[in-house]
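All remarks here apply to the structure that follows.
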Amino acid sequence: MSETLPQTLSLEETVAFLESAFPQMDAGGRTYHLVEVGPGLARMRMDHHERHLRPGGTVSGPSMMALADYALYAAILASLGPVALAVTTSLNFNFLRKPGPTGLLGSARLLKLGRRLAVGEVHITGPDGGPLVCHATGTYAIPPGA
């Protein structure tokens, strides 16, 4: 990416905002953990939990979708600041490999941060990196004045 993106919120500030704006993400126990933010990026870990598995012993698509959406939103927040009404307008997923019953790591990177739209991608791997299990792209609408 040629443009330099700002970093408005620290890791601690981004976590605090996510916890206050989206307490439902921790319903049933906390499994999503923001571990890094920077200019235009965020890394989020999803712990292994039985509720994320589907028949066949693999992590479900909806669990990976939530990880990607949440990580990309965190990257936007870290760059823009606490904008609760930045909303997902589209998400696209390519499931590349079947992950085993394990936690996952979502690495989000903003490709463009404009005044009205943010576009980014998320690479989902096993908890220690390794082969890509899912590639996601997403677009978010940014409210006027944000």
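FYI, the numbering just counts along the sequence from 1.
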Rounded to the nearest 0.5 Å, the NE2 atom of His135 sits from the CG atom of Leu96 at a distance of 8.5 Å
Identify every side-chain donor-acceptor pair in residues 16-25 under 3.5 Å, counting partners at least two apart or on other chains, and give the distances.
{"residue": "Glu19", "atom": "OE2", "partner": "Arg30", "partner atom": "NH1", "Å": "2.9"}
{"residue": "Glu19", "atom": "OE2", "partner": "Arg30", "partner atom": "NH2", "Å": "3.3"}
{"residue": "Ser20", "atom": "OG", "partner": "Ala16", "partner atom": "O", "Å": "3.4"}
{"residue": "Ser20", "atom": "OG", "partner": "Phe17", "partner atom": "O", "Å": "3.0"}

Correct closest heavy-atom pair for Met64 and Cys134 would be SD-CB, 4.1 Å
Quick one: closest heavy-atom pair of Arg43 and Leu34, and the distance?
O-CD1, 3.4 Å
Look up atom CG in Leu77 and atom CG in Leu72, then write down how far apart they are to the nearest 0.5 Å.
10.0 Å
So CE of Met44 and OG1 of Thr14: to nearest 0.5 Å the spacing works out to 9.5 Å
Thr137 meets the side-chain hydrogen bond (donor to acceptor under 3.5 Å, both in side chains) criterion, sequence neighbours left out, with none
Going by side-chain hydrogen bond (donor to acceptor under 3.5 Å, both in side chains), name the residues that satisfy it together with His123, two or more places apart in sequence or in a different chain.
none
Could you tell me which non-hydrogen atom of Ser63 sits nearest to which non-hydrogen atom of His52, and how far apart they are?
OG-ND1, 2.9 Å
Let me check something: do Leu67 and Val15 share a hydrophobic cluster, defined by ILVMFWY side-chain heavy atoms less than 4.5 Å apart, either directly or through other members?
yes
Are Val119 and Leu41 joined in one hydrophobic group, where the rule is that I, L, V, M, F, W and Y side chains link up if heavy atoms are under 4.5 Å apart?
no
Using the side-chain hydrogen bond (donor to acceptor under 3.5 Å, both in side chains) criterion, which residues pair with Asp47? Sequence neighbours excluded.
His33, Arg45
Compare every heavy atom of Arg116 with every heavy atom of Pro144, then report the nearest pair and how far apart it is.
CG-NH1, 3.7 Å
Look at the aromatic rings of Phe93 and Phe95 and report parallel, tilted or perpendicular, splitting at 30° and 60°.
parallel
Rounded to the nearest 0.5 Å, the CD1 atom of Ile76 sits from the OG1 atom of Thr8 at a distance of 12.5 Å
Tightest non-hydrogen contact, residues Leu11 and Glu36, listed as CD1-N, 3.8 Å
Establish whether Leu80 and Leu5 are linked, either directly or via other cluster members, by ILVMFWY side-chain heavy-atom contacts under 4.5 Å.
yes
Checking Glu13 now: which residues fulfil salt bridge (Lys or Arg N to Asp or Glu O under 4.0 Å) with it, not counting sequence neighbours?
none
Can you see which heavy atom on Gln7 is nearest to which on Pro39, and at what distance?
OE1-CD, 3.4 Å
If Ile, Leu, Val, Met, Phe, Trp and Tyr residues are connected whenever their side-chain heavy atoms lie under 4.5 Å apart, and connections chain through other members, are Leu110 and Val35 in the same group?
no
Are Val122 and Leu104 connected in a single hydrophobic cluster, I mean Ile/Leu/Val/Met/Phe/Trp/Tyr linked by side-chain heavy atoms less than 4.5 Å apart?
yes
Per the side chain to side chain donor-acceptor pair (under 3.5 Å) rule, what does the pair list look like for residues 64-81, sequence neighbours excluded?
Asp69-Thr88, Asp69-Tyr140
Spell out, as yes or no, whether a donor-acceptor pair under 3.5 Å connects the side chain of Arg97 to the backbone of Leu132.
yes
Any donor-acceptor N/O pair, Thr139 side chain to Ser90 backbone, under 3.5 Å
no
